[in-house]
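Structure incoming, see below.
In what follows, every chain begins at residue 1, and chains take the letters A, B, ... in the order their sequences are listed. None of these values were measured; they are calculated from a predicted model.
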Protein chains: 2
Amino acid sequence: MVSRPSLETATASDPDRFVEPLELGKRVKEIRLTKGWTLEEVSKRTGIARSTLSKIENDQVSPSFTIVQKLIKGLGMDLPQLFVEASEHSIAGRRDITRKGKGEPHPTATYEHELLNFSISRKKMVPFKTKVRARSFDEFKEWVRHDGEEFLLVLEGKINFFSELYEPIELKEGDSVYYDASMGHTVVSTSTKDAEILWVVAR
Amino acid sequence: MVSRPSLETATASDPDRFVEPLELGKRVKEIRLTKGWTLEEVSKRTGIARSTLSKIENDQVSPSFTIVQKLIKGLGMDLPQLFVEASEHSIAGRRDITRKGKGEPHPTATYEHELLNFSISRKKMVPFKTKVRARSFDEFKEWVRHDGEEFLLVLEGKINFFSELYEPIELKEGDSVYYDASMGHTVVSTSTKDAEILWVVAR
DNA sequence: TAACGTCGTTTCTTTTAGTAAACTTTTAGG
DNA sequence: CCTAAAAGTTTACTAAAAGAAACGACGTTA
């Protein structure tokens, strides 16, 4: 088993406290090798000297901020938040599991929602699975419209995604769409069986 | 004043182009003043010399990564903010579709991420599909841990969900979990094939 | 208004990062 | 094997950052 990082945090006022190394070098090398690049190739992509890259990978230097940025750009190291330590907030240290089909049902005329992970209440996102009963746009009285942003992933079947400012578009299993939920939007099944989608809303 | 690579002569395809630190100095100063701290106080909190802090705030230097880390810790800053462009405007009226398999790949040693809907940049949620290559907890050197909350849905296969404060739990296709991402967490495949999961992060 | 204290900037020196080039190791042919 | 090319590391040097201390600007108080 790997030694688990301590939860105990150093006080902010202790100047000599340990600064998380983040193993930047190891990550850089990992990414480079995964992409099958040589140091020379990365050098060309980032504008950083081959020798410098070698030293970074071997933790022989602490690269400057500009170098780190070049690295991130050139290597496509995105999602930098994955490399960062945590801070505390409302649902601190909590976890909530919902087994398949065990969400909280919320049927409507056109949709059959299944609310997931409903036992954590004050959360940033609301995820739910939905069976799309509707087959035509006419079944909706008006646009659905609410605060926040919405992510939609088609789990099964095919749907037509209608929105106020765009042409309707057909989405198949595995396709996803991210949109501003204050823009009117609705979804209908276009497959013989009711389509199933995952929806995640954030306010 | 420090001599720096010219901004004027740089072009987008030029590998030597200068990557602007996104007003790091301004942000640092902003945070410091918001908290009502003097340079001397920040110096004590971070272990960085007063003079160095002054230079950083006035963009006279490009601080080393170790210094940036100390800053982040001492000021309670958030690393991603430093690398992401600031923008007030929302995604109002926007929509972004990603077809199956057409996301932006981000492979690591243990995961194979596919970032979805990446063309909308300033969004509240970051959705990505991930193939879980790891088979044992030991393949991770340490807990993954970052700001925000995370929603996970198993799309295919079986996984073991490890987290710092709970016992490991097996999740099968269709199961989901919602958790505080600052709690250490990792995932490994337990099926013969690599499991596929959907992850949505909100900060 | 003189003397003091606090804060941010600047100067100066030391330390460290960044690069080009030399060097060593690995890989691929024959 | 041997050799050549390519990849990675180390060296030697230059450029830049970090820290200590000096400086200047400003507010407070006697």
Side-chain angles (χ1 to χ4, degrees), chain A residues 13-75 77, chain B residues 1-7 9-10 14-75 77 79 82-83 109:
Chain A
S13 56
D14 175 9
D16 291 327
R17 93 201 100 90
F18 180 65
V19 176
E20 183 82 10
L22 284 177
E23 307 202 348
L24 180 70
K26 229 180 59 190
R27 286 179 202 268
V28 170
K29 186 164 192 174
E30 203 175 277
I31 290 172
R32 179 173 66 83
L33 294 180
T34 308
K35 304 206 172 184
W37 290 337
T38 67
L39 287 181
E40 185 55 37
E41 272 177 280
V42 175
S43 172
K44 275 183 193 134
R45 282 173 178 271
T46 58
I48 304 168
R50 195 164 86 246
S51 54
T52 306
L53 290 168
S54 170
K55 286 177 195 168
I56 290 171
E57 288 193 352
N58 295 298
D59 294 318
Q60 288 169 16
V61 292
S62 170
S64 72
F65 192 65
T66 52
I67 292 281
V68 172
Q69 286 181 95
K70 285 183 183 175
L71 258 182
I72 286 168
K73 272 212 163 185
L75 283 181
M77 292 171 64
Chain B
M1 194 55 189
V2 176
S3 83
R4 322 154 93 171
S6 151
L7 272 178
T9 58
D14 177 6
D16 290 329
R17 73 193 181 278
F18 181 61
V19 183
E20 183 59 38
L22 295 172
E23 309 186 328
L24 175 71
K26 223 178 74 187
R27 278 171 212 239
V28 170
K29 186 163 192 175
E30 223 171 78
I31 291 173
R32 180 173 66 83
L33 294 180
T34 306
K35 306 207 174 187
W37 290 336
T38 67
L39 287 181
E40 185 55 35
E41 269 178 281
V42 175
S43 172
K44 277 185 189 131
R45 282 174 176 273
T46 58
I48 304 168
R50 194 164 89 248
S51 55
T52 306
L53 290 169
S54 169
K55 288 176 203 165
I56 291 170
E57 288 192 352
N58 295 298
D59 293 319
Q60 289 169 18
V61 293
S62 170
S64 74
F65 195 61
T66 51
I67 292 282
V68 172
Q69 287 181 89
K70 285 183 183 175
L71 259 181
I72 287 165
K73 275 212 164 185
L75 284 181
M77 293 176 80
L79 181 66
L82 304 182
F83 293 97

Quiz item: To the nearest angstrom, how far is B/K44 atom NZ from D/dG19 atom C1'?
Solution: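 After rounding, the reported distance stands at 16 Å.
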
Exercise. Using atom CD1 of B/I56 as one end and atom P of C/dG8 as the other, report the distance to the nearest whole Å.
Key: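 About 14 Å, once rounded to whole Å.
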
Quiz item: Separation of B/N58 atom CG from D/dA18 atom P, in whole Å?
Solution: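 Spelled out: CG on B/N58 to P on D/dA18 is 14 Å.
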
Quiz item: Which is it for A/T38 and A/R50 under the side-chain contact (heavy atoms from CB on, under 4.5 Å) test, yes or no, and what are the steps along the way?
Solution: CA-CA 9 Å; A/T38 67; A/R50 195 164 86 246; over 6 Å; no

Quiz item: What's the closest nucleotide to the B/S64 side chain, out of C/dT9, C/dT19, D/dA18?
Solution: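 The answer is D/dA18.
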
Exercise. Have a look at B/L53 and say if it touches a base, only the backbone sugar-phosphate, or nothing, with a 4.0 Å heavy-atom cut-off.
Key: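 No contact.
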
Quiz item: Taking atom P of D/dT9 as reference, at what distance in whole Å does atom CG of A/D59 sit?
Solution: 12 Å

Quiz item: Would you say A/S51 reaches C/dT19's phosphate, i.e. side-chain N/O to OP1/OP2 under 4.0 Å?
Solution: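 It does not, given that no N or O in the side chain of A/S51 lies less than 4.0 Å from OP1 or OP2 of C/dT19.
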
Quiz prompt | Any B/Q60 side-chain N or O less than 4.0 Å from OP1/OP2 of C/dT10 | solution = yes

Quiz item: More 5' along DNA chain D: B/P63 or B/R50, using each one's nearest nucleotide?
Solution: B/P63

Exercise. Let me know the distance between CZ of A/F65 and C1' of C/dT16, rounded to the nearest Å.
Key: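 It works out to 19 Å between those atoms.
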
Exercise. Identify which nucleotide among D/dG8, C/dG18, C/dG8 has an atom closest to any side-chain atom of B/T38, counting heavy atoms from C-beta outward.
Key: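 The listed nucleotide nearest to B/T38's side chain is C/dG8.
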
Quiz item: Which atoms form the tightest heavy-atom contact between B/G47 and B/K70, and what is the distance?
Solution: O-NZ, 4.3 Å

Quiz item: Just wondering, do A/L71 and A/L53 contact through their side chains at under 4.5 Å, heavy atoms?
Solution: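 The answer is yes; the side chains approach within 4.5 Å.
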
Self-check item: Side chain B/S43, main chain B/I48, donor-acceptor under 3.5 Å
Solution: yes

Exercise. Can you figure out which of C/dT10, D/dA18, C/dT19 approaches the side chain of B/I67 most closely?
Key: D/dA18

Quiz item: Do B/I56 and B/I67 touch side chain to side chain, with heavy atoms closer than 4.5 Å?
Solution: yes

Practice problem: Quickly work out the A/L39 CG to C/dT27 P distance and round it to whole Å. | Solution: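 Taking CG of A/L39 and P of C/dT27, I get 14 Å after rounding.
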
Quiz item: What is the distance from CD of A/E57 to C1' of D/dT10, rounded to the nearest Å?
Solution: 15 Å

Self-check item: Among D/dG19, D/dA17, C/dG18, the nucleotide that comes nearest once only the side chain of A/V61 is considered
Solution: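 The answer is C/dG18.
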
Exercise. Could you state the atom-to-atom distance from NZ of A/K55 to C1' of D/dA12 in whole Å?
Key: 10 Å

